[in-house]
Amino acid sequence: MVQAVKRLLFLLPAFVLYTVFMVYPLLSALADSFWTWEGTARRGFAGAGNFTGLFTTFPLNRQLEPAFWHTVVFFLGTMVVQNTFGLLVAVLLVELPAARRFLRTVYTIPYLIGGLVVGYLWSLLLSPAFGPLNAGLHAAGLGSLARPWLGDPATALPVVILVNAWQYLGFPVLLFGAALAGLPPEYGEAARVDGAGARQRFFRVTLPLLLPSIGVVTILTFIGSMNTFELVYSLEGAQGNQPTGPGGATDVLGLIFYRVAFQEGGSNAIGLSSALAVLLFVFTFGVAVVANGLIRRRTT
Amino acid sequence: MRARNGFAVLAATALAATAACTATGSSNGNGDVTLSVWSWRPEDAAVYRQIFAKFHESHPHIQVDFKPYKSTEYNPILSTGLTQAGGPDVAQLRSYGILQPLIQAGDLVPLDGQVAGLSNFETTSLDGPRGKKDHKVYGVPLEMSTFQVYYNKDIFAKYQLQPPATWDQLIADAKKLLAAGITPFAAAGKDTWLLPLYDETFAATRYGGRDFEKKVLAGRAKFTDPEYVAALDVLNQLKPYFPKDQMGLGEADVQTLFATGKAAMIPEGSFALGPLKAINPNLNLGVFNPPPPPGALVTKPLQVGWVDASYGLNAKSQHQKEALELLQWMTTAEFGKLVADQLKQVSLVKGVQSSDPLLGQMVSAYRSDPTPYLMLVDFRYGTPLGSDLQAAGLQKMLLGQQTAAQAANDIQTGLAQWFKP
């Protein structure tokens with residue numbers, strides 16, 4: 001009995017901190033989303049009014065769907081570019097034990113810089129007027145390839161995905177690297193003895209064994225993509241309640257939340273933005289839970 | 001128990017502090033009064049102290065305590081400050097739509113009949129601090145912004161060009177510059193807030209300027225009317241003469257293009273004069289307003305302009321009489337000249353000359369042929385803001401993703417949600 005009380009006492013600090021800083025804000029956002037607001041003053045009970053408002057208020061209603069798909073494309077693009085390339089780098093690093101630590105550090109450095117700084121630096125590099133990228137293309141006789149990378153609806157979102165991958169490449173490299181180091185070498189050697197080539201060994205032996213970490217990376221990438229904000233904000237800006245990027249080409253859900261909450265100046269900003277936050281959370285949480293369940297079933 | 005006593009002491013102290021703050025400004029035994037003046041211009045604090053020292057010379061019984069706040073945080077600070085004790089006596093006020101909630105809450109004193117010097121301002125200047133519902137004036141206009149085309153006089157001389165007198169001449173000049181490898185107009189597309197201002201500058205004449213404003217406010221015109229659609233489309237006609245990479249360029253980029261001689265003209269605000277000269281102090285500048293495009297309803301160039309700021313009186317001020325004396329002084333040519341020479345802003349007091357001849361040219365054009373920045377002046381007191389709708393629509397139009405008619409339709413749909421004529 002005394003033992004149990006002691007245990008609870010030890011749990012108490014973490015529980016209090018978690019409640020105050022995690023549970024309370026989440027629940028209060030949930031509560032806020034059901035009320036109508038005038039500035040910071042709470043007015044009448046809105047029921048589902050804020051949720052339907054998201055889909056009926058012009059021009060917000062027209063911004064949500066494209067922003068959702070841009071967010072999905074951002075996730076898929078990040079999976080293809082960042083995580084595939086990250087896996088390749090991690091596998092190659094296994095073969096280069098001498099340079100492994102040094103290269104792993106190099107790949108992780110951009111990860112340590114804030115997204116706003118990365119975005120600002122890349123917007124300078126990509127500037128059509130003064131950026132070195134277009135200047136280099138012109139100097140190399142490839143001027144026809146030069147374009148306003150962030151101002152062209154066709155290239156803006158791919159460029160954002162690439163810059164994001166540049167920044168976070170170190171993340172899959174580290175995770176896959178750790179997983180690869182944990183694989184028992186016997187499997188690979190057995191396959192080699194049986195006459196399997198390098199490619200066969202990778203696809204038939206290594207990759208299936210990496211599935212759990214691929215699952216973890218996928219889920220974390222999904223969560224990060226759904227909440228992506230700072231990089232797009234610093235590359236493309238956010239003005240009033242206008243969709244971000246050329247013709248709205250890089251508008252994502254995180255930016256809509258920011259604009260509704262802080263920029264557009266509507267009196268019911270708290271109600272609408274809380275409703276959007278709740279939807280975003282439910283969707284992200286739901287997909288993450290389902291995906292996690294699927295991965296567990298596959299791997300156990 | 002000790003902790004609880006400590007709390008009681010704290011609470012008592014807080015109460016006492018609140019009580020001490022209930023008087024806004026303060027007065028000492030001699031009848032001398034200190035007025036608290038709030039502003040969003042910390043960068044001007046030193047200059048304001050000199051300006052108010054001048055006021056103190058002629059009004060020895062009134063001291064002014066100038067309290068600036070950060071511009072981006074000023075609006076909520078002021079709206080709470082006006083409702084509570086410890087607020088300002090006199091406060092710098094935003095203009096048009098953003099000011100309306102303060103007026104409707106009864107936080108400000110109408111100045112008609114109280115400040116005789118309001119007659120030193122044109123009616124259009126007084127529209128900035130005017131109440132939308134009661135049409136009363138709640139502030140003494142401080143300064144304004146204008147938007148027009150700057151041109152590089154050296155480039156114009158080299159290619160034997162003059163500020164164009166007709167639209168055909170404007171297009172012919174632009175073609176000549178383009179052929180010589182110079183960007184005619186340094187127009188940005190990434191900072192979308194500039195796009196509505198470009199449209200006003202080149203095409204307010206096309207939709208009819210202030211006549212259209214009156215009609216649309218009275219519900220006798222819509223943004224989907226052919227003249228407004230045609231005005232949006234004017235930027236499409238100018239697109240060949242904007243930078244090829246327009247949508248990738250921000251305001252700082254195009255200012256640099258212009259100031260370094262890579263572009264011959266730039267549509268910009270009066271507030272850009274300083275930054276342009278900072279990039280290139282030797283820049284030989286002129287300004288003009290574009291001639292009306294084909295089909296324009298107004299046949300002479302118009303000057304886009306709007307009131308930025310005014311000073312108004314807190315309804316809760318304990319020193320109404322002294323505050324009115326200060327506001328009256330702010331309507332005089334003496335104060336107007338200090339605004340022009342010391343604050344380097346365009347004063348709205350009649351007859352005050354600007355410190356810079358270019359600014360003088362802008363303000364005199366505004367006095368004779370003004371046109372409003374329509375979306376700021378009239379459609380910024382509900383959401384979605386008119387300027388946001390127009391900016392997003394014009395960007396898509398210039399990208400070729402939609403027509404001027406579709407852009408106009410979005411503006412009308414968005415504004416109809418809250419604007420009732």
Side-chain angles (χ1 to χ4, degrees), chain A residues 38-41 53 56-63 66 120 123-131 133-134 138 143-144 146-156 159 234-251 259-260 262-269 272, chain B residues 72 75-76 79-80 97-98 101 183 186 188-196 243-250 252-257 260 262-263 375 380-402 409-418:
Chain A
E38 234 167 77
T40 51
T56 52
T57 317
F58 182 88
L60 190 58
N61 56 355
R62 233 179 32 190
Q63 296 174 3
Y120 177 67
S123 70
L124 292 180
L125 292 174
L126 295 166
S127 161
F130 312 102
L133 179 63
N134 278 1
H138 282 292
S144 61
R147 59 194 71 245
W149 301 99
L150 295 167
D152 184 333
T155 56
V159 165
S234 64
L235 282 171
E236 297 280 8
Q239 301 178 35
N241 57 5
Q242 305 163 32
T244 295
T250 59
D251 212 24
R259 293 200 305 267
V260 173
F262 301 114
Q263 284 241 293
E264 119 186 305
S267 63
N268 189 26
L272 280 175
Chain B
T72 46
N75 295 2
S79 59
T80 25
I98 300 171
T183 302
K190 202 176 174 198
D191 290 329
T192 46
W193 64 271
L194 286 162
L195 296 175
K244 189 168 57 67
D245 297 333
Q246 185 189 4
M247 291 310 156
L249 298 172
D253 296 326
V254 291
Q255 284 185 351
T256 310
L257 281 180
T260 53
K262 293 195 175 73
M375 290 303 170
R380 233 182 197 177
Y381 56 99
T383 47
L385 304 184
S387 41
D388 279 341
L389 293 165
Q390 195 185 7
L394 284 172
Q395 198 197 34
K396 284 194 142 191
M397 183 188 88
L398 288 169
L399 281 166
Q401 294 179 340
Q402 65 176 13
N409 199 35
D410 286 353
I411 296 173
Q412 182 63 34
T413 312
L415 291 179
Q417 289 184 141
W418 59 268

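Just so it is clear, the model here is predicted, and its values are computed rather than measured. Residue numbering restarts at 1 for every chain, and letters A, B, ... go by the order of the sequence lines.
Atom CG of B:Asp245 and atom CG of A:Asp152 lie 9.0 Å apart (nearest 0.5 Å).
Of all heavy-atom pairs between B:Leu399 and A:Pro246, the closest is CD1-C, 3.5 Å. Closest approach of A:Gly151 to B:Met247, counting heavy atoms only: O-CB, 3.1 Å.
Across B:Gln246, B:Lys396, B:Gln395, B:Lys262, the residue that shares the most heavy-atom pairs under 4.5 angstrom with chain A is B:Gln395. Ranked by heavy-atom pairs under 4.5 Å with chain A, the list B:Thr256, B:Val254, B:Leu385 is led by B:Thr256. Most heavy-atom pairs under 4.5 Å with chain A: of the set B:Asp253, B:Asn75, B:Asp410, this distinction falls to B:Asp410. In terms of heavy-atom pairs under 4.5 angstrom with chain B, the leader among A:Gly237, A:Pro153, A:Ala146, A:Pro243 is A:Pro153.
The side-chain heavy atoms of B:Lys190 and A:Leu150, taken from C-beta on, include a pair separated by under 4.5 Å. Contact check for A:Phe130 versus B:Leu257: side-chain heavy atoms found under the 4.5 Å cut-off. In this structure, the side chains of B:Gln417 and A:Thr57 come closer than 4.5 Å at one or more pairs of heavy atoms.
Under a 3.5 Å cut-off, the side chain of A:Gln239 and the backbone N or O of B:Trp193 do form a donor-acceptor pair. Of the possible polar contacts, none joining the A:Asn241 side chain to the B:Pro384 backbone as a donor-acceptor pair under 3.5 Å is found.
Looking at A:Thr56, the atoms closer than 4.5 Å to chain B (heavy atoms on both sides) all sit in the backbone: N, CA, C or O. If you measure heavy-atom distances from A:Leu235 to chain B, the contacts under 4.5 Å come from the backbone alone.
For the side chain to side chain contact (heavy atoms under 4.5 Å, CB included) test with A:Gln242, the passing option among B:Leu389, B:Leu195, B:Thr192 is B:Thr192; the others fail.
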